[in-house]
There are 2 protein chains.
Amino acid sequence: MFRGIFHNSVDEKGRTSIPARFREQIRESHETPLVLTLGFDQCLFLYPMDAWKKIEEKLSSLDTLNAEVRQFQRTILKATDEVEMDQQGRIVISPVLRKEAGIGKAVVVVGMLHRIEIWDKEKYENYHAQTTQSLELLGQKLSDKGIQSLTL
Amino acid sequence: MFRGIFHNSVDEKGRTSIPARFREQIRESHETPLVLTLGFDQCLFLYPMDAWKKIEEKLSSLDTLNAEVRQFQRTILKATDEVEMDQQGRIVISPVLRKEAGIGKAVVVVGMLHRIEIWDKEKYENYHAQTTQSLELLGQKLSDKGIQSLTL
DNA sequence: CAAGTTTTCCCCACTTTTCCCCACTAGTTG
DNA sequence: CAACTAGTGGGGAAAAGTGGGGAAAACTTG
């Protein structure tokens with residue numbers, strides 16, 4: 001499981017460091033290469049291959065004769081890349097993905113349990129500035145909708 | 001599984017490069033030759049032979065007494081070619097297929113799990129310009145139709 | 001059936017991109 | 001305050017993509 005938040009940079013070549021703690025976890029208990037894809041809210045999701053394969057299975061089982069299914073598949077896969085860590089523990093973010101996620105020079109890397117999220121620093125701050133609901137209130141809303149109970 | 005997006009060109013002879021990563025996958029774990037066919041939405045689908053055979057099975061199991069089935073079969077097969085990679089990892093796209101898919105000098109090659117899609121660059125951009133529904137919305141639609149849930 | 005023509009495909013060569021490796025800096029720890 | 005580690009930057013070798021010449025094959029035609 002990935003936890004924690006890190007502030008890193010993206011260099012001229014589009015490379016960014018995977019936090020050392022995540023590197024170790026990946027090397028110890030996950031399959032490589034990694035899969036980098038455009039997730040929700042304009043940030044990138046980074047999955048170890050074993051986690052990604054579960055998503056792929058569902059994606060590829062959908063009916064290709066349905067135009068909306070094709071569109072859904074393409075929308076996800078057009079912004080999906082396999083990436084390898086280099087020996088310094090960095091990955092390259094392709095120009096396409098950088099553009100889609102609006103990624104500039106500074107990024108925030110967040111451990112989100114099964115996946116790692118990579119945000120453009122500014123977008124990250126905006127997101128949290130706009131969504132200043134208290135944890136208590138958010139939890140209450142989910143509970144009201146019957147989404148799930150959560151024992152902390 | 002094929003993943004990632006690549007921007008390549010088509011030369012005078014109608015050749016285009018298969019991205020190196022796909023080549024390796026094909027050589028390692030798939031049967032050749034490859035099958036190139038006119039897919040949906042005016043792009044070309046490229047399958048390794050083993051994947052194509054499964055499609056052929058389904059195609060041939062359809063009820064031939066039905067006129068629409070026959071038409072479906074013929075429409076697919078009239079624009080289907082066997083292609084081999086040359087030693088540089090390129091395939092030749094026949095003039096017929098180039099015309100049907102409106103393929104000019106620049107193409108986009110996209111890994112779509114079991115298949116590879118080859119798009120004329122302009123057509124690709126148009127497709128995604130016209131279908132800029134957010135991933136969230138698309139997922140919602142599929143969900144509403146009871147197609148499948150997908151946890152990202 | 002041979003000669004000419006076209007097409008295919010193999011190979012070489014060039015350009016661009018990628019990626020591997022080394023080195024530097026800053027921050028942390030013993 | 002030295003030694004380590006994490007993160008960063010850049011140069012050079014290797015690989016990927018591209019274009020074209022020429023030999024072999026196939027197809028035409030007299």
Side-chain angles (χ1 to χ4, degrees), chain A residues 2-28 32-36 44 46 49 80-99 103-111 116-121 124, chain B residues 2-28 32-36 44 46 81-99 103-111 116-121 124:
Chain A
F2 304 106
R3 302 176 194 95
I5 178 172
F6 302 83
H7 291 258
N8 288 345
S9 65
V10 180
D11 68 20
E12 293 287 311
K13 298 179 181 179
R15 296 177 299 189
T16 193
S17 286
I18 302 303
R21 200 186 301 160
F22 295 168
R23 279 178 226 164
E24 289 162 23
Q25 283 174 253
I26 290 166
R27 290 195 175 119
E28 281 169 17
T32 50
L34 304 167
V35 174
L36 186 63
L44 299 177
L46 181 67
M49 187 54 84
T80 297
D81 227 349
E82 288 184 38
V83 293
E84 290 263 14
M85 287 190 286
D86 67 15
Q87 236 154 338
Q88 280 83 274
R90 289 176 293 194
I91 58 165
V92 178
I93 306 174
S94 73
V96 176
L97 285 177
R98 260 179 285 158
K99 187 176 156 244
I103 282 179
K105 266 200 68 66
V107 289
V108 180
V109 182
V110 193
I116 295 165
E117 289 187 358
I118 301 175
W119 292 74
D120 175 71
K121 183 166 180 276
Y124 182 80
Chain B
F2 303 106
R3 307 175 191 96
I5 177 172
F6 302 84
H7 292 256
N8 289 345
S9 64
V10 180
D11 67 19
E12 294 287 311
K13 300 178 181 178
R15 297 176 299 188
T16 193
S17 286
I18 302 303
R21 202 186 295 160
F22 295 168
R23 280 179 227 164
E24 289 164 22
Q25 283 174 251
I26 291 166
R27 292 195 175 120
E28 282 170 16
T32 50
L34 304 167
V35 175
L36 186 64
L44 300 177
L46 181 67
D81 249 351
E82 281 187 24
V83 292
E84 291 263 14
M85 287 191 285
D86 69 15
Q87 236 152 340
Q88 279 84 275
R90 290 177 291 195
I91 58 166
V92 177
I93 305 173
S94 72
V96 176
L97 285 177
R98 259 180 285 160
K99 188 177 157 244
I103 283 179
K105 265 201 67 66
V107 289
V108 179
V109 182
V110 195
I116 295 165
E117 290 188 354
I118 301 175
W119 293 74
D120 175 72
K121 185 167 180 274
Y124 181 80

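Just the heavy atoms: all of them, side chains too, but no hydrogens, waters or symmetry mates, feed the values below. Proteins get letters first, then strands, A, B, ... in listed order; numbering begins at 1 in each.
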(request) Kindly point out which of D/dT18, D/dG12, D/dA6 is positioned nearest to the side chain of B/R90? (result) D/dT18
(request) Starting from C1' on D/dA6, measure out to CZ on A/F6 and report it in whole angstrom. (result) 11 Å
(request) Could you state the atom-to-atom distance from CG of B/D86 to C1' of C/dT7 in whole Å? (result) 15 Å
(message) Does C/dC21 have OP1 or OP2 under 4.0 Å away from a side-chain N or O of A/Q87?
(response) yes
(request) Kindly point out which of D/dG7, D/dT18, D/dG19 is positioned nearest to the side chain of B/D11? (result) D/dG19
(request) From the options D/dA16, C/dA23, D/dT18, select the nucleotide whose nearest atom is closest to the side chain of B/A20. (result) D/dA16
(message) Using only modelled atom types and a 3.5 angstrom limit, is any donor from either the side chain of A/K13 or the base of D/dG11 paired with an acceptor on the other?
(response) yes
(message) My understanding is that only residues two or more places apart in sequence, or in another chain, count here; which of them pass salt bridge (charged side-chain N to carboxylate O under 4.0 Å, His left out) with A/R98?
(response) none
(request) Take atom CD1 of B/I93 and atom C1' of C/dT8, then tell me their distance rounded to the nearest Å. (result) 16 Å
(request) Nearest whole angstrom, please: distance from the P of C/dC20 to the CE of A/M85. (result) 13 Å
(message) Please classify the nucleic acid contact of A/E84 as base, sugar-phosphate, or nothing, using heavy-atom distances under 4.0 Å.
(response) nothing
(message) Just the rounded figure in Å: distance from C1' of D/dT5 to CG of A/N8.
(response) 14 Å
(message) Less than 4.0 angstrom between a side-chain N/O of A/R15 and OP1 or OP2 of D/dG10, yes or no?
(response) no
(request) Just call it for A/R21: base, sugar-phosphate, or nothing, with non-hydrogen atoms closer than 4.0 Å on any strand. (result) nothing
(message) Check whether B/D11 reaches the backbone of B/K13 with its side chain - one donor and one acceptor, N or O, closer than 3.5 Å.
(response) yes
(request) Provide, to the nearest angstrom, the distance between the NE2 atom belonging to A/H7 and the C1' atom belonging to C/dG27. (result) 16 Å
(message) Tell me whether the side-chain N/O atoms of A/S17 come closer than 4.0 Å to OP1 or OP2 in D/dA6.
(response) no
(request) Looking at every strand, decide which applies to B/I91 at a 4.0 Å heavy-atom threshold: base, sugar-phosphate, or nothing. (result) nothing
